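Okay, so here's the structure we're looking at.
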Amino acid sequence: MINNDKNKHEDFEDFLVNEVIEERDELKSKKFLFTNKKIAISISESENLEELGFSKIHQQDTILELTRYLIINGATLLYGGDLRSEGYTFLFSEIVKQYTPHKDNKKYYENYFSFPIYLNIQEKQNLDFIKNGVKVNKVPPPDELNLNKNEFYPPIGNDNLFIWSECLSKMRNQMNDNNHARIFMGGRKSNFKGKYPGLLEEALLSLKSDKPTYLIGAFGGITKSIIDALNKEKPEELSEEWQKNQNFEYGKFVDFYNSKENIIKIDYNESLKFINSYSLKKLSKNNGLSESENRRLFETIHLHEIIYLILKGLKKSLS
């Protein structure tokens, strides 16, 4: 289970006192370490959480505690979410409402919705976003798709799945352009909508643009597969063959997608080759942690250590 190690807890508290929560003077509020910094969160449930000894609640508690420290230090959270009632879109909305450091008009949480998902936002949900100070970024479909922007295209059949994949990719590219750093945790390996598993596509964008990237390995999922690939391994889930074996319909979609002209093909071999060649040294240079600290982040199950390492890396890389 995620727990607290006494020594790591003391290191974490020392870091908060000395580096993160300095008092300017008796009359002023806290120093906001990440003011005007936008930090993207890439997270979804892993299929193998129970095998690792965790539950959905463990994963939620970890990311919510981490985001709490980011928010109270002035960071703006970015998340590309959907509208599931128990999803992270609404969890982040509630925690930002509770811990916003300033009662001003600044939005400390931006949720990106791709087309056609945003067409399903209900009026009550929209009002809740406004009440909680959430900025809703609706990313329209690519112009070249020539779609009716008021029509919902269900993700059924290759033609509509192609629409979803292009719209999700546009949303992920836009969010990558707008963030200063990104944190990864968990993530489905199969049975997803889009070209690749969502966190894999986002990791490729983050690494290719050399953004500070933080990979939490404790909760497995596609994040752990990316970590293994960074360590020069060849995880089976980062292969087209494995993905097609997991989902026959996805296999047909890959062939359909790659038959299109003037697109960047779905290519697991190239993606794996890129991650294999992206050294731990380069990751460390970009995210402000040493190589040994990144290895620790890949492995640790201690909540305070996870938060300590990420805050430490962000402080160095974003200063």
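Just the heavy atoms: all of them, side chains too, but no hydrogens, waters or symmetry mates, feed the values below. Remember, it's a predicted structure, so these values are computed and weren't measured experimentally.
- Using a 4.0 Å cut-off between charged nitrogen and carboxylate oxygen, E293 and R296 do not count as a salt-bridge pair.
- Partner of E201 under the side chain to side chain donor-acceptor pair (under 3.5 Å) criterion, out of S165, S169, S42: S169 alone.
- Counting heavy atoms of neighbouring residues, nucleotides and ligands inside a 6.0 Å radius, atom NZ of K281 does not exceed 12 of them.
- At least one side-chain heavy atom of K208 sits under 4.5 Å from a side-chain heavy atom of F274.
- Looking at H180, its side chain never comes within 3.5 Å of a backbone N or O of I39 through a donor-acceptor pair.
- The ring pair (Phe, Tyr, Trp, His ring centres under 6.0 Å) pairs that include a residue from residues 154-175 are F162-Y257, where partners are two or more places apart or lie in different chains.
- Side-chain atoms of N173 and N176, non-hydrogen and from C-beta on, never get closer than 4.5 Å to each other.
- E50 CD: 12 or fewer foreign heavy atoms inside a 6.0 Å radius.
- Smallest separation of non-hydrogen atoms from Y79 and I41: CD1-O, 3.3 Å.
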For residues 223-231, run the donor-acceptor check on the side chains, cut-off 3.5 Å, and write out each pair with its distance to 0.1 Å, sequence neighbours left out.
{"from": "T223", "atom 1": "OG1", "to": "G186", "atom 2": "N", "distance (Å)": "3.3"}
{"from": "T223", "atom 1": "OG1", "to": "G186", "atom 2": "O", "distance (Å)": "2.7"}
{"from": "K224", "atom 1": "NZ", "to": "D228", "atom 2": "OD1", "distance (Å)": "2.7"}
{"from": "K224", "atom 1": "NZ", "to": "D228", "atom 2": "OD2", "distance (Å)": "3.4"}
{"from": "S225", "atom 1": "OG", "to": "E237", "atom 2": "OE2", "distance (Å)": "2.4"}
{"from": "N231", "atom 1": "ND2", "to": "I227", "atom 2": "O", "distance (Å)": "3.3"}

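- Side chains of T89 and N111: a donor-acceptor N/O pair is present below 3.5 angstrom, by distance only.
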Discussion item. Run the side chain to side chain contact (heavy atoms under 4.5 Å, CB included) test on L49 and S55 for me, step by step, so that the C-alpha distance in whole Å, both residues' side-chain angles and the decisive distance to 0.1 Å come before the verdict.
Written reply: CA-CA 6 Å; L49 265 179; S55 69; over 6 Å; no
Worksheet item: How far apart are the C-alpha atoms of F192 and Q243, what are their side-chain angles, what is the distance that settles it, and do they pass the side chain to side chain contact (heavy atoms under 4.5 Å, CB included) test?
Response: CA-CA 10 Å; F192 47 84; Q243 290 291 343; 3.4 Å; yes
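- Under a 4.0 Å N-O distance rule, the pair D210/K285 does not qualify as a salt bridge.
- For E151, the CD atom sits in a packed shell: over 12 heavy atoms of surrounding residues, nucleotides or ligands are nearer than 6.0 Å.
- The shortest distance between side-chain heavy atoms of F113 and L83 falls below 4.5 Å.
- Under the side chain to side chain donor-acceptor pair (under 3.5 Å) criterion, N158 pairs with no residue, sequence neighbours left out.
- With sequence neighbours left out, the ring-ring contact (aromatic ring centres under 6.0 Å, His included) criterion links Y88 to F92.
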Side chains of residues 132-140: which donor-acceptor partners sit under 3.5 Å, not counting sequence neighbours?
{"from": "N132", "atom 1": "ND2", "to": "S93", "atom 2": "OG", "distance (Å)": "2.8"}
{"from": "N132", "atom 1": "ND2", "to": "E94", "atom 2": "OE2", "distance (Å)": "3.2"}
{"from": "N137", "atom 1": "ND2", "to": "E110", "atom 2": "OE1", "distance (Å)": "3.1"}

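- Checking T300 against Y308 by side-chain atom types alone, no donor-acceptor pair falls below 3.5 Å.
- The closest side-chain heavy-atom distance from P235 to L272 is below 4.5 Å.
- At distances below 3.5 Å, not a single donor-acceptor pair connects side-chain atoms of K38 with backbone N or O atoms of N178.
- Surrounding CD1 of I264 are at most 12 heavy atoms belonging to other residues, nucleotides or ligands under 6.0 Å away.
- I163 places none of its side-chain heavy atoms less than 4.5 Å from the side chain of P141.
- In this structure, CD1 on I43 lies 7.5 Å from CD1 on I216, to the nearest 0.5 angstrom.
- A salt bridge links E240 with K244; the closest basic N to acidic carboxylate O contact falls under 4.0 Å.
- Under the 3.5 Å distance criterion, the side-chain polar atoms of S46 are left unmatched by any main-chain donor or acceptor of N48.
- With values rounded to the nearest 0.5 angstrom, N179 atom CG is found 4.0 Å from K211 atom NZ.
- For the pair Y153 (side chain) and N148 (backbone), a donor-acceptor distance under 3.5 Å is present.
- Salt-bridge formation is detected for the pair R295/E291: a Lys NZ or Arg NE/NH1/NH2 atom is positioned less than 4.0 Å from an Asp or Glu carboxylate oxygen.
- In terms of modelled atom types and a separation under 3.5 Å, the side chain of K195 and the main chain of D267 share no donor-acceptor contact.
- N276 places no side-chain N or O within donor-acceptor distance of the main-chain N or O of K234, the cut-off being under 3.5 Å.
- For K56, the NZ atom counts as densely surrounded, since its 6.0 Å shell holds more than 12 non-hydrogen atoms of other residues, nucleotides or ligands.
- Taking every heavy atom of both residues into account, Y214 and A181 meet most closely at CE1-CB, 4.3 Å.
- Closest of all the heavy-atom pairs between W242 and E236 is CB-O, 2.9 Å.
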Discussion item. Before you tell me yes or no, could you show the steps for N73 and L311 under side chain to side chain contact (heavy atoms under 4.5 Å, CB included), namely the whole-Å CA-CA distance, both residues' side-chain angles and the distance that decides it to 0.1 Å?
Written reply: CA-CA 10 Å; N73 280 286; L311 292 181; 5.6 Å; no
Item to complete: Check the pair L215, N294 against side chain to side chain contact (heavy atoms under 4.5 Å, CB included), reporting the backbone distance first and the verdict last.
Response: CA-CA 8 Å; L215 300 160; N294 271 301; over 6 Å; no
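- A distance of 8.0 Å separates CG in L289 from OG in S317, rounded to the nearest 0.5 Å.
- Other residues, nucleotides and ligands contribute at most 12 non-hydrogen atoms within 6.0 Å of the NZ atom of K316.
- Here CG of L200 is found 6.0 Å from OG of S271. Values are rounded to the nearest 0.5 Å.
- Surrounding NZ of K124 are at most 12 heavy atoms belonging to other residues, nucleotides or ligands under 6.0 Å away.
- I275 is not connected to L205 by any chain of hydrophobic side-chain contacts under 4.5 Å among Ile, Leu, Val, Met, Phe, Trp and Tyr, and they are in different clusters.
- Y118 and Y112 have their aromatic ring centers separated by at least 6.0 angstrom.
- Of the possible donor and acceptor atoms, none in the side chain of S114 sits under 3.5 Å from a partner among the backbone N and O of C167.
- Considering CD1 of I183 and CG of N287, their distance stands at 10.5 Å, rounded to 0.5 Å.
- Taking the six-membered ring for Trp and the full ring otherwise, the centers of Y196 and Y268 sit less than 6.0 Å from each other.
- Between K149 and D143 the shortest heavy-atom distance is NZ-OD1, 4.0 Å.
- Residue pairs that meet the salt bridge (charged side-chain N to carboxylate O under 4.0 Å, His left out) test with at least one member in residues 67-82, sequence neighbours left out, are E65-R68, D82-R84.
- At a threshold of 4.5 Å between non-hydrogen side-chain atoms, the residues E47 and R188 count as touching.
- Remark: the backbone N or O of S190 is not paired with any side-chain donor or acceptor of Y250 at under 3.5 angstrom.
- Using a distance-only test at 3.5 Å, with no hydrogens or angles considered, no donor-acceptor pair links the side chain of E202 to the main chain of P197.
- Between the CG atom in N160 and the CZ atom in F253 there is a gap of 10.5 Å [rounded to 0.5 Å].
- Between L64 and L91 the shortest side-chain heavy-atom distance falls below 4.5 Å.
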